[in-house]
K.L.:
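If you scroll down you'll find the structure; I have some questions about it.
Values in this document were obtained by computation on a predicted structure and should not be read as measured data.
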Amino acid sequence: MEELVVLVNSEDKVLGLMEKQQAHINGLLHRAFSVFLFNNKGEMLLQKRASGKYHSPLKWTNAVCSHPKNGETYLEGAKRRLKEELGIEVEISEKFYFIYKADVGNGLWEHELDHVFVGTFEDDFNLNKDEVEEVRYIPMEDLDKEMIKQPEHFTEWFKIILEEYKHHF
């Protein structure tokens, strides 16, 4: 089934719909959300993208990143993808939004108006192996060191979103 993204302008006014991969080829601005989850020790949850993903496979990124469907709020989309990818339900709250553009390789671009949500989760996961290879929690200082040593192990958008996250907290 064709997955559509919601194309928007910088004020989040809907301009139309486009097939997801085509929007990434054209680098067109579209709606997105990112979820950061932490455990009670303040460690961040990372997911390794599944090997079958059409871009950035087997790279580490934040808990969930995706796109709301047409007619779906950012929060509804984020909760849907937490269930679809990680098999969990958790309370999350929106912290900020911003626009970024990242070259993700192979002629593909992420150009997103990204709403960032944060929550705490301490239970078991039921991973969708079509989406997620594995998950792990990591202390923030260890994440910073790992990203400096091995930046190629992380998605391009995660590098951008994490820096933006740090500016807000």
K.L.:
Taking the ring centre of each residue, are F33 and H115 less than 6.0 Å apart?
P.N.:
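Aromatic pair excluded; centres sit 6.0 Å or further apart.
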
K.L.:
Which value, rounded to the nearest 0.5 Å, describes the distance between T61 atom OG1 and K159 atom NZ?
P.N.:
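Rounded to the nearest 0.5 Å, the OG1-NZ separation comes out at 10.5 Å.
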
K.L.:
Is the shortest distance from a Lys or Arg side-chain nitrogen in E146 or K149 to a carboxylate oxygen in the other one below 4.0 Å?
P.N.:
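No salt bridge links E146 with K149.
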
K.L.:
Using 4.0 Å as the upper bound for N to carboxylate O, is an ion pair formed by E131 and K53?
P.N.:
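Salt bridge between K53 and E131, a charged N being under 4.0 Å from a carboxylate O: yes.
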
K.L.:
Taking C-beta and beyond as the side chain, do L17 and V5 meet within less than 4.5 Å on heavy atoms?
P.N.:
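Heavy-atom side-chain distance check fails, nothing below 4.5 Å.
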
K.L.:
Could you pull out the closest heavy-atom pair between S34 and C65, with the gap in Å?
P.N.:
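Minimum heavy-atom separation between S34 and C65: OG-SG, 3.5 Å.
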
K.L.:
I need the minimum non-hydrogen distance between L29 and S10, along with the two atoms involved.
P.N.:
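That would be CD2-N, 3.8 Å.
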
K.L.:
Could you walk me through whether F38 and L45 pass the side chain to side chain contact (heavy atoms under 4.5 Å, CB included) test, one step at a time?
P.N.:
CA-CA 6 Å; F38 297 88; L45 180 74; over 6 Å; no

K.L.:
Counting C-beta onward and ignoring hydrogens, is there a side-chain heavy-atom pair between R49 and P57 closer than 4.5 Å?
P.N.:
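Heavy-atom side-chain distance check fails, nothing below 4.5 Å.
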
K.L.:
Would you give the length of the straight line joining atom CE of M147 to atom CD1 of I138, rounded to the nearest 0.5 angstrom?
P.N.:
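One gets 9.5 Å once the value is rounded to the nearest 0.5 Å.
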
K.L.:
Under a 4.0 Å threshold between the charged nitrogen and the carboxylate oxygen, would R31 count as salt-bridged to E112?
P.N.:
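No, no charged N to carboxylate O under 4.0 Å.
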
K.L.:
What is the distance from atom CD1 of I99 to atom CG of D12, rounded to the nearest 0.5 Å?
P.N.:
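It comes to 8.5 Å.
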
K.L.:
Minimum heavy-atom separation for M140 to L162, with atom names?
P.N.:
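For M140 versus L162, the nearest heavy atoms are CE-CD1, 3.9 Å.
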
K.L.:
Same hydrophobic cluster for W109 and L7, using side-chain heavy-atom links shorter than 4.5 Å among ILVMFWY?
P.N.:
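No.
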
K.L.:
Taking a hydrophobic cluster as the set of Ile, Leu, Val, Met, Phe, Trp and Tyr residues connected by side-chain heavy atoms closer than 4.5 Å, whether directly or through intermediates, do V132 and L82 fall within one such cluster?
P.N.:
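In one cluster with V132: L82, yes.
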
K.L.:
Under the criterion side chain to side chain contact (heavy atoms under 4.5 Å, CB included), I'd like the reasoning laid out for K48 against L58: C-alpha separation, chi angles, the key distance, then a yes or no.
P.N.:
CA-CA 5 Å; K48 183 185 271 189; L58 300 176; 4.1 Å; yes

K.L.:
If you define the side chain from C-beta out and look only at heavy atoms, does anything of R80 sit under 4.5 Å from K69?
P.N.:
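SC-SC contact between R80 and K69 confirmed.
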
K.L.:
Do we see a donor-acceptor contact under 3.5 Å between the side chains of Y74 and D114?
P.N.:
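The answer is no; no qualifying pair exists.
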
K.L.:
Can you name the nearest heavy-atom pair linking V35 to N62, along with the distance?
P.N.:
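The pair with the smallest heavy-atom distance is O-ND2, 3.0 Å.
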
K.L.:
Look at atom CG of N9 and say whether more than 12 heavy atoms of other residues, nucleotides or ligands are closer to it than 6.0 Å.
P.N.:
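Yes, enclosed.
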
K.L.:
For residues F121 and V135: do they belong to one hydrophobic cluster (side chain heavy atoms under 4.5 Å, members Ile, Leu, Val, Met, Phe, Trp, Tyr)?
P.N.:
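Yes, because F121 and V135 connect within a single hydrophobic cluster, where side-chain heavy atoms sit under 4.5 Å apart.
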
K.L.:
Is atom NZ of K166 surrounded by more than 12 heavy atoms (other residues, nucleotides or ligands) closer than 6.0 Å?
P.N.:
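Result for NZ/K166: enclosed.
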
K.L.:
Does one side chain, of H168 or E164, offer a donor that lies under 3.5 Å from an acceptor on the other?
P.N.:
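Their side chains do contain a donor-acceptor pair, which is all the 3.5 Å distance test asks for.
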
K.L.:
Would a 4.5 Å heavy-atom cut-off, applied to side chains only, mark T155 and V104 as touching?
P.N.:
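T155 does not reach V104 side chain to side chain.
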
K.L.:
L113, L28: one ILVMFWY side-chain cluster at the under-4.5 Å cut-off?
P.N.:
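Each belongs to a different hydrophobic cluster.
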
K.L.:
Please check if the distance between the ring centroids of F117 and F36 is under 6.0 Å.
P.N.:
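No; F36 has its ring centre 6.0 Å or more from that of F117.
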
K.L.:
Kindly give the heavy-atom pair with the smallest separation between S51 and E133, and that separation in Å.
P.N.:
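For S51 and E133, the tightest heavy-atom pair comes out as N-OE1, 3.4 Å.
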
K.L.:
Taking NZ in K129 as the centre, count heavy atoms belonging to other residues, nucleotides or ligands within less than 6.0 Å. Is the count above 12?
P.N.:
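Yes - once you tally the heavy atoms of other residues, nucleotides and ligands closer than 6.0 Å, there are more than 12.
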
K.L.:
The test is side chain to side chain contact (heavy atoms under 4.5 Å, CB included); show your working for L4 and N70 and say whether it passes.
P.N.:
CA-CA 8 Å; L4 301 175; N70 188 36; over 6 Å; no

K.L.:
Does H24 reach the side chain of Y54, with side-chain heavy atoms less than 4.5 Å apart?
P.N.:
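Sidechains of Y54 and H24: in contact.
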
K.L.:
So M44 and Y137, do their side chains get closer than 4.5 Å, heavy atoms only?
P.N.:
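Sidechains of M44 and Y137: no contact.
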
K.L.:
Quick one, L86 and V64 - any side-chain contact, counting heavy atoms below 4.5 Å?
P.N.:
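Side-chain contact under 4.5 Å: yes.
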
K.L.:
Could you grab the distance from atom CD1 of I92 to atom CG of L75, nearest 0.5 Å is fine?
P.N.:
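The distance works out to 5.5 Å.
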
K.L.:
Can you check whether L46 reaches L143 side chain to side chain, under 4.5 Å on heavy atoms?
P.N.:
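In contact.
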
K.L.:
Is it the case that more than 12 heavy atoms not belonging to F98 sit under 6.0 Å from its CZ atom?
P.N.:
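Counting other residues, nucleotides and ligands, CZ of F98 exceeds 12 neighbours.
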
K.L.:
Answer with yes or no whether the side chains of H111 and H30 bring together a donor and an acceptor at under 3.5 Å.
P.N.:
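Note: H30 and H111 side chains miss the donor-acceptor criterion.
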
K.L.:
Out of E72, E85, E84, E91, which residue meets the salt bridge (Lys or Arg N to Asp or Glu O under 4.0 Å) rule with K79?
P.N.:
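Answer to the salt bridge (Lys or Arg N to Asp or Glu O under 4.0 Å) test with K79 among E72, E85, E84, E91: E91.
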
K.L.:
Could you tell me the separation between the CD atom of E19 and the CG atom of N26, rounded to the nearest 0.5 Å?
P.N.:
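If I round to the nearest 0.5 Å, the distance is 10.0 Å.
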
K.L.:
What pair of heavy atoms forms the shortest contact from L127 to E134, and how long is it?
P.N.:
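Heavy-atom minimum between the residues: CD1-CA, 3.9 Å.
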
K.L.:
From I88 CD1 over to L37 CG, what is the distance, rounded to the nearest 0.5 angstrom?
P.N.:
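That separation rounds to 5.0 Å.
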
K.L.:
Do other residues, nucleotides or ligands put more than 12 heavy atoms under 6.0 Å from the CD atom of E89?
P.N.:
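Open: at most 12 neighbouring heavy atoms sit under 6.0 Å from CD of E89.
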
K.L.:
Establish whether I148 and W157 are linked, either directly or via other cluster members, by ILVMFWY side-chain heavy-atom contacts under 4.5 Å.
P.N.:
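No, I148 does not connect to W157 through the hydrophobic network.
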
K.L.:
Determine yes or no for a side-chain-to-main-chain donor-acceptor pair under 3.5 angstrom, with S56 supplying the side chain and K59 the backbone.
P.N.:
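A pair under 3.5 Å: no.
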
